[in-house]
Asks: 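Next up is a structure, given as structure tokens.
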Amino acid sequence: MNRRGNDFRRWEWRGMARRAAMVVAAALGIAVAGVSAPVFGQGAGAVGGGSAVAPPPAPAGAGMSAGEAAATGAAPGLAGPDRNAGMILEAAAPERFDYTFRTRRVSIPYKAMDDTQVRAAELWVDAGGRGERWTLVVRQDPATAQPLVYEERQDGVFGYLIRVQGGGAKGDFSEPEPERLQRARGYFLVDSIPPRITLKSPNRTSYEPGATVTVEWMASDVNLSRNAVVADYTTDGGRTWNPIEGGKGQTAVGSLAWPLPTGVFPEIVARVAAVDNAGNYGEALSTPFSVGFTRAPGVTGASGSGRQLSVAIASTPEVIGSRDFTIFYTVDNATSSALRHVILYYKVWKGGRSGEWTEYGRDPDISDVGASNVNARPSMRFVIPEQVFSDRAESEQFAVGLYLLGVLEDGSTSAPQPTGAAEGKYLPPMQWVNVDNKKPFLELHHPQGGEEFVEGEKVIIEWYSADRNLGKTPVALYLPRDFSAPQGADMAADRWQLLADNLPAEGVYIWKAPNTQFPHVRVRVTARDEVGNVTERVSQPFAVVGRKAMAARQAEGQVNAKTQAEEHYRTARYHIGQHQDQRAMDELQTAVMLWPQFVDAWVTLGTLQYYANDFSAARDSYERALTAGGDSGKVNYYLGLAYERMAEPHYGDANVRDAMGAKAEHHFTRAAEMGPTDQRSRAALAKRLLASNQRTAAEKYLDEIEQIDKATYWGRWAAEEKQRLARRDA
């Protein structure tokens, strides 16, 4: 067993909404960009905040189950603890969300026991669901039975808590205001981001009839089901869509061979689409291409001169981020005296539909065309009309088709004119140019502002960016040139100094804070796509404080040790992503020393110790997690695994082996009681009972595993065990 076989590497998730699936999958850890592999989760609950999304509906599919995700654990025959997980979100890891919203308008219904005796109702929300930052977002005064409604600023998973104020003489609230790291009463998911889909092919402008084309795509979304992708095509400008054979129920990353329809088609568009579990619809469309549509390379002049003319586009940009670019073209078998002018036509394609051909104008200078200027590169400047450029919807792909027409002195042309009759109207462009004027999506996850870092200590900067035309290293980080000068989010560019550039689209960077105290410091991150669109984010101010001052404030009780412990914990997560386990354990030891009630740190430490084969130390850490308040199914399951592994070397001492086995069984039972859908703990119990010839009790757990979900790894395992027992009886 590879000790890292169960490494979920959660940092592949996209956007703030990706953190929701981390909660669903209860996956922790951190991995540097480029080495992650996605695990798709599924949020449950009511879908609210918007109308249903238009076709094509992607087939629903189940997300990866906990049993499947952990099917290759370290313990013999069982899943080991997720070495990256620990319990970072154990307090906020619901098996399902109370509500799922497709827009950022959040509506949480409530009803007090007696509305007439309620003065006010408050909705408190914690972004991330960890209890790190509770915010009062709604107060109804006087309270009614109507939902508590507010506009959320970002996607993600949220914990919530509702307080009501009684109408008695004291007017007490039902509970105090939530404190930092307090567990939420419920959780909801805001996912307004549609699936992001990149269609790599088809990418040519024409194909032969009956040719087989590879359709290749990549889709990413935090709530995408495992088989949520569909592929189809249109031959009539998007009025009707036809399924591509084998294109239903595809995975997020994949390809398929598509035999093109036979016949002649001036314009075909392929589409790959998906609907995530929150109901958001996303699609990617290929640039239009023709099938079997030919265009004569040249024509003979009508005057009988015998001259032939062929005009073709030599080069244009594939993608542009502005309105203005240059078209280079070639002219063959004509001289300057024979060529009257070159006309440029264009058509706009967006949203799966093509517009009409429009004459843009004539090349004002054709003096460099002709047999005497064979080395010349005739060109024409093209500026996309402002109306076309500004009307593009943000969610639509946008492309411009180009067509050049050469005209001789006698009026003969190099090709059919692309207007008027049907044969001209549907001529395919000589070249498509994709337009991208959308700025990259960018989030700065840490620091968020308000933190205090001790001088000279590590500060983790964490970001995420995405864009259709994002390169491999699009991100740059900046710090103020003068930390002592006043700083604001609108600081001019010359007030920043480069910290690091050529960074990946998603990742973390460790910066060593200066050895001087500064009360207000900001970090700036930028993402630039390959056509020059730039997005920037500036953190809220955080502080760099002196070691002596921090120690004095902590001694006086002015600084909560939780803050320092959490920074050591965050650093430990970074080291885990780098597979630097010893460094991570050192940071975790410091974190639990500063804050002994840090459940997540204890569990993560225990998991690292477990994979280092130090099972007694892992047991101690898991027990400390229980003592600190983490009495959950997951911690009990991990603790049971530790006792099982500790029992293995004691085959010669039945008393020790049985004692530890009994403790393992106790914690597995506790885990099963706390997790009604926990198949792993039930599998552990069934194995132990079968080993001790307690078949009736074991079959009870096998039946429960199948009742929970037959399709998971553990469901299939239980069925196979029951079949094995039946064969043995026969």
Side-chain angles (χ1 to χ4, degrees), residues 10 13-27 38-55 57-66 69 89 91-111 123-131 135 137-138 146-162 183-197 219-229 252 273-282 395 441 443 464 676-677 709:
R10 71 177 174 90
W13 294 111
R14 299 295 185 252
M16 285 299 292
R18 67 191 180 135
R19 297 181 182 271
M22 298 175 213
V23 173
V24 178
V39 174
F40 297 100
Q42 181 174 358
V47 176
S51 59
V53 184
M64 178 176 287
S65 70
L89 298 181
E95 295 184 3
R96 65 188 302 272
F97 293 101
D98 298 329
Y99 308 98
T100 299
F101 300 99
R102 198 165 54 240
T103 71
R104 295 183 178 178
R105 182 176 175 82
V106 175
S107 176
I108 306 293
Y110 84 100
K111 182 175 179 61
L123 174 62
W124 290 75
V125 169
D126 165 53
R130 301 181 181 91
T135 303
V137 295
V138 180
Q146 301 303 314
L148 298 170
V149 181
Y150 81 104
E151 292 289 334
E152 182 52 57
R153 295 180 298 175
Q154 61 186 14
D155 283 18
V157 64
F158 299 86
Y160 73 90
L161 181 150
I162 296 176
R183 179 177 301 191
R185 297 291 184 267
Y187 303 89
F188 63 85
L189 172 66
V190 177
D191 180 8
S192 65
I193 301 175
R196 295 185 178 92
I197 305 176
S220 62
D221 187 273
V222 61
N223 274 327
L224 199 64
S225 298
R226 299 182 67 188
N227 300 99
V229 173
V275 177
D276 66 18
N277 290 321
N280 299 300
Y281 172 76
S395 60
F441 176 83
E443 289 178 334
Y464 168 75
T677 61
D709 193 342

Asks: Please round to the nearest 0.5 Å and tell me the distance separating atom CZ of Phe188 and atom CD1 of Ile108.
Replies: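 Phe188 CZ to Ile108 CD1: 5.0 Å, rounded to 0.5 Å.
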
Asks: Where do Asp98 and Tyr160 land on the side chain to side chain donor-acceptor pair (under 3.5 Å) test, with the steps shown first?
Replies: CA-CA 10 Å; Asp98 298 329; Tyr160 73 90; 3.1 Å; yes

Asks: Given Asp191, which of Val157, Thr103, Asp221 fulfils the side-chain contact (heavy atoms from CB on, under 4.5 Å) condition?
Replies: Asp221

Asks: If every non-hydrogen atom of Phe158 is compared with every non-hydrogen atom of Ala127, which pair is closest and at what distance?
Replies: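 Minimum heavy-atom separation between Phe158 and Ala127: CD2-CA, 3.4 Å.
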
Asks: May I ask you to establish whether Arg196 and Phe441 are in a cation-pi arrangement, using a distance under 6.0 Å from NZ or CZ to the six-membered ring centre and at most 45° from the ring axis?
Replies: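 Yes, a cation-pi geometry holds between Arg196 and Phe441.
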
Asks: Output, in order, the C-alpha distance, side-chain angles, deciding distance and verdict of side-chain contact (heavy atoms from CB on, under 4.5 Å) for Val125 and Val137.
Replies: CA-CA 7 Å; Val125 169; Val137 295; 3.7 Å; yes

Asks: How about Pro109 and Tyr99: do any of their side-chain heavy atoms sit closer than 4.5 Å?
Replies: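 Side chain of Pro109 against side chain of Tyr99, heavy atoms only: contact under 4.5 Å found.
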
Asks: So, taking the atom named OH in Tyr110 and the one named CD1 in Ile162, what distance separates them when rounded to the nearest 0.5 Å?
Replies: 8.0 Å

Asks: Measure across Val229 and Ala252 and return the closest heavy-atom pair with its distance rounded to 0.1 Å.
Replies: CG2-CA, 4.1 Å

Asks: Using side-chain heavy atoms (C-beta onward) and a distance below 4.5 Å, is Leu123 in contact with Tyr150?
Replies: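 Yes - at least one pair of side-chain heavy atoms lies under 4.5 Å apart.
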
Asks: Do you know which two heavy atoms are closest between Glu152 and Val106, and how far apart they sit?
Replies: CB-CG2, 4.1 Å

Asks: Please give me the minimum heavy-atom distance between Ala184 and Gly159, naming the atom from each residue.
Replies: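 Shortest heavy-atom separation between Ala184 and Gly159 comes out as CB-CA, 3.7 Å.
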
Asks: Please name the pair of heavy atoms, one in Ala274 and one in Ile197, separated by the smallest distance, quoted to 0.1 Å.
Replies: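 In this case the closest contact between Ala274 and Ile197 is N-CD1, 3.7 Å.
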
Asks: Could you measure the distance from the CG atom of Leu189 to the CZ atom of Phe101? Nearest 0.5 Å is fine.
Replies: 9.5 Å

Asks: With rounding to the nearest 0.5 Å, note down the distance linking CG in Asn280 to CZ in Arg102.
Replies: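 Those atoms lie 6.5 Å apart.
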
Asks: Please find the pair of heavy atoms, one from Asp155 and one from Arg104, that lie closest to each other, and give the distance.
Replies: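 Closest pair (atom of Asp155, atom of Arg104, distance): OD1-NE, 2.9 Å.
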
Asks: Got a donor-acceptor contact below 3.5 angstrom from the Arg105 side chain to the Glu151 backbone?
Replies: no

